[in-house]
Trainee: 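Take this structure, written in structure tokens, and hold onto it; I'll ask about it next.
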There are 2 protein chains.
Amino acid sequence: MAQDNGADRRRPTLTDVAALAGVDSSLVSRVLRGDPKGFASADTRARIMQAAETLGYRANVAARGLRNSRTMTLGLVLPGFSSPVYSAIAHGVEERARASGYGLVLSTHAVGDPHETITDMLMQGRVDAMLVASGLIEDTSLRQLVDRHPGSVVLVNRQVRGIAASVVVRDGDAAALAVEHLSGLGHRSICGVFGLRTVDTMVRRRNGFVRACKRLGVDATIVEMPDRDHVAGYEAAQRALQTTNPPTALLAGTFPMGVGVLAGARDLGVAVPEQVSVLALHNDQLADYLSPRLSTLSLPTRRLGAEAAELALSLIEGGTPRRVVVPDAPELVLRSSTATAP
Amino acid sequence: MAQDNGADRRRPTLTDVAALAGVDSSLVSRVLRGDPKGFASADTRARIMQAAETLGYRANVAARGLRNSRTMTLGLVLPGFSSPVYSAIAHGVEERARASGYGLVLSTHAVGDPHETITDMLMQGRVDAMLVASGLIEDTSLRQLVDRHPGSVVLVNRQVRGIAASVVVRDGDAAALAVEHLSGLGHRSICGVFGLRTVDTMVRRRNGFVRACKRLGVDATIVEMPDRDHVAGYEAAQRALQTTNPPTALLAGTFPMGVGVLAGARDLGVAVPEQVSVLALHNDQLADYLSPRLSTLSLPTRRLGAEAAELALSLIEGGTPRRVVVPDAPELVLRSSTATAP
DNA sequence: CTGTTAGCGCATTCAT
DNA sequence: ATGAATGCGCTAACAG
């Protein structure tokens, strides 16, 4: 059926549909959108639907956006897909956005300056709001952005003084839960492996860790690394495990760090979990395929994305910025990397 | 500096800039775009630039798109970010697109029917072309898409009869290289672990594997799994290793499958690489952090993305669809998962 | 119940 | 060297 409706290669417009249905384009617009004022007679209605169908008509988003000054798309900025957390967030956002008829444009730090990217997206009218899920953009830069585009920027798993619109998960509680588990296993000396204190999630997790240790009378040490990836975890483990009085358990601040810690211990000849227990924040399917299988603390990342989209949508509708904490409690996912203290 | 240029909360338009510079908006348009006919006097020119600068003017893409029927954005469909390959492709596309001033809209299979999604993107005028990097969409569905949108669809690492616009890497050669390495190590019986034969990349890798085995006189067996993820690799290893006459080496058709194979062998108590060698197609940083460190065949995935974007861009400019093979030869990245045959 | 009109922001003739 | 007029496709008053 390679039919070629005329020599017509351009997309059908409202006018095309109107012509085919023998009515005015404005009527078509109303009917197709289900506009309450578009109460066409059953007959015209049917003809319109029919025409739209045969032509494969889809409203042009540029024209519609121009008219309504609403693009119906959300932007999401991520550092990349290095961590499974980011894909989970992206899925959550996409799902929620789509449910409201919104599209999603994704952008990573891979290319160009993120501040610039965000400004462009907003100022060019590419998106109605931007979700920022990067710990790398500086606070001042973010404040500036929010200042210039009030009601159009939402922070994802990050809080910045002076910026209300943000949604986070209970990172601190997850770290605390980890400590509780370890403490229950008899560990009295735990080392936390985190990224820079300039990264909001890292300070929240770190605080949760420190407080829980204090509360439970556990000896806490901390290794702070410049990055939060495999490599950082690897090196942190090397560093922590080679001290004169090494901890009996390690808590990794991110999932990739946990993967690195496991490898670091292995290369040092330190057996996990026999000689040292390892736990990582954030869960991922991959954990089951590591050796040993890595126990984790699961946080609702997908919902994090969904809630962020939700907030952005409400802002677009004129809602007020607010701080939301995704209420789901962190869960301990026990696999094979923890055991009673040696 | 919470200055509020008037009560002005909406984005500045060409007219705003024109007013501030004391000229007509059409002149501003020409000057700002570097239109050859926009040869304003040095003075006006300066005033225009100045005005645009202070207002932070950015051309509205909807208006521009409407006028030019060109959105300046590319769409990319992926199954998800389960595999590092997809993020690499996305980065490659993003980079190349940006270099030509194009934006990128990413969409995964997470939500909704992909065929529908692609059609929508194109018909709604959200994008100028779509790159499809999914092995899951059926051939007929794809052909239909290309039929309806000639010159607007590019296949990424996939070939379909009747569709010219596609770019692939040398998958088959990578599989062959793997076999050569293993054969050189004395392995005479190798098991290939692949996904369904309905997936183009899988048949290309599989063919490369089979032919190389035949050529080198190696005994080839194949396990075909419905999926291509960790789980599939895990189960395939279990299956292959429990036969009466198990192979001495396994080649995993995807990186996640390789991860799964490693775990499968471990749980069977089969030592890698002492009892069985393991190799996986596609390289990733994670390989260094597995136990044992996983040897892989590296393929130019980032460039794959870049070339796909390149092709799409050329199609948009009216170029003709063509098949491109990224010429970079696959590379063996030796780590610790292969050894001489037992 | 349906048609007419106007304008969103921009790029492009065509004048001057 | 610069300005005026027009239309991309759509929606929202406002008629009738």
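As a basis for the values below, the full set of heavy atoms in this structure was taken, side chains included, without hydrogen atoms, waters or symmetry mates. Here is how names work: the chains are called A, B, and so on, in the same order as the sequence lines, proteins then strands, and each is numbered from 1.
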Trainee: Of all the choices, C:dT2, D:dC10, D:dA5, which nucleotide is nearest to the side chain of A:S41 once you look at every atom?
Mentor: C:dT2
Trainee: Using a strict cut-off of less than 4.0 Å between a Lys/Arg side-chain nitrogen and an Asp/Glu carboxylate oxygen, indicate whether B:R58 and A:E116 qualify as a salt bridge.
Mentor: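 A salt bridge is present here (some side-chain N lies under 4.0 Å from a carboxylate O).
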Trainee: Expressed as a whole number of angstroms, how long is the span from A:L14:CG to C:dT2:P?
Mentor: 15 Å
Trainee: Does A:R11 make a side-chain N or O approach to OP1 or OP2 of D:dG9 shorter than 4.0 Å?
Mentor: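 So the side-chain polar atoms of A:R11 never come under 4.0 Å of the phosphate oxygens OP1 or OP2 of D:dG9.
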Trainee: Quick one: B:Q124 CD to D:dC8 C1', roughly how many Å, whole number?
Mentor: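 Atom CD in B:Q124 sits about 18 Å away from atom C1' in D:dC8.
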Trainee: Classify the side chain of A:R10 versus the base of D:dG9 as yes if they form a donor-acceptor pair under 3.5 Å and no if they do not.
Mentor: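 Such a pair does not exist between side chain and base.
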Trainee: In terms of side-chain heavy atoms of B:A59, which of C:dC10, C:dG3, D:dC10 is nearest?
Mentor: C:dC10
Trainee: Give the rounded distance in Å between these two atoms: CG of B:D35 and P of D:dT2.
Mentor: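 The answer, rounded to whole Å, is 14 Å.
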Trainee: Please report the distance, rounded to the nearest Å, between CG in A:L66 and P in D:dA12.
Mentor: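 One finds 13 Å between P of D:dA12 and CG of A:L66, rounded.
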Trainee: Between B:D139 and B:R158 (salt bridge meaning N to carboxylate O under 4.0 Å), is one present in this structure?
Mentor: yes
Trainee: Are any of the side-chain nitrogens in B:R161 or B:D200 under 4.0 Å away from the carboxylate oxygens of its partner?
Mentor: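 Result for this pair is no, no salt bridge flagged.
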Trainee: Is there a side-chain contact between B:T108 and A:H91, using heavy atoms and a 4.5 Å cut-off?
Mentor: yes
Trainee: Is the distance from OP1 or OP2 of D:dA12 to the nearest side-chain N or O of A:R33 less than 4.0 Å?
Mentor: yes
Trainee: Contact class for A:D24 vs. all strands (heavy atom < 4.0 Å): base, sugar-phosphate, or nothing?
Mentor: base
Trainee: Give the nucleotide from the list D:dG9, C:dA11, D:dG3 with an atom nearest to the side chain of A:A63.
Mentor: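 My answer, after comparing the listed nucleotides, is D:dG9.
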Trainee: Just N and O in the side chain of B:T13: are any of them under 4.0 Å from OP1 or OP2 of C:dC8?
Mentor: no
Trainee: So, B:F81 versus A:F81, ring centres under 6.0 angstrom or not?
Mentor: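 So the answer is yes for these two rings.
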Trainee: Strictly below 4.0 Å: does A:T44 bring a side-chain N or O up to OP1 or OP2 of C:dT2?
Mentor: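 Checking C:dT2 against A:T44, a side-chain N or O does come within under 4.0 Å of OP1 or OP2.
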Trainee: Can you tell me the distance, in whole Å, between the CG atom of B:N60 and the P atom of C:dG7?
Mentor: 18 Å
Trainee: Check the phosphate of C:dG9 against B:R67, side-chain N and O only, distance under 4.0 Å to OP1 or OP2. Yes or no?
Mentor: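 So the side chain of B:R67 is outside the cut-off, no N or O lying under 4.0 Å from OP1 or OP2 of C:dG9.
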Trainee: Rounded to the Å, how far apart are A:R126 CZ and C:dG9 P?
Mentor: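 After rounding, the gap between these two atoms is 17 Å.
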Trainee: If I take atom CG in residue A:L27 and atom P in nucleotide D:dG16, what distance separates them, rounded to the nearest angstrom?
Mentor: 18 Å
Trainee: If you assign B:R58 and A:A40 each to the DNA chain C nucleotide with the nearest heavy atom, which residue ends up on the more 5' nucleotide?
Mentor: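 Between the two, 5'-proximity favours A:A40.
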Trainee: Closer to the 5' end of DNA chain C via nearest nucleotide, is it A:K37 or B:P12?
Mentor: A:K37
Trainee: CE of B:M123 versus C1' of D:dC10: gap in Å, rounded?
Mentor: 16 Å
Trainee: Have a look at B:S26 and say if it touches a base, only the backbone sugar-phosphate, or nothing, with a 4.0 Å heavy-atom cut-off.
Mentor: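 Answer is base: heavy atoms of B:S26 come under 4.0 Å of a base.
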Trainee: In terms of side-chain geometry, is the basic nitrogen of A:R47 or A:D43 positioned less than 4.0 Å from the acidic oxygen of its partner?
Mentor: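 Yes, charged N to carboxylate O under 4.0 Å.
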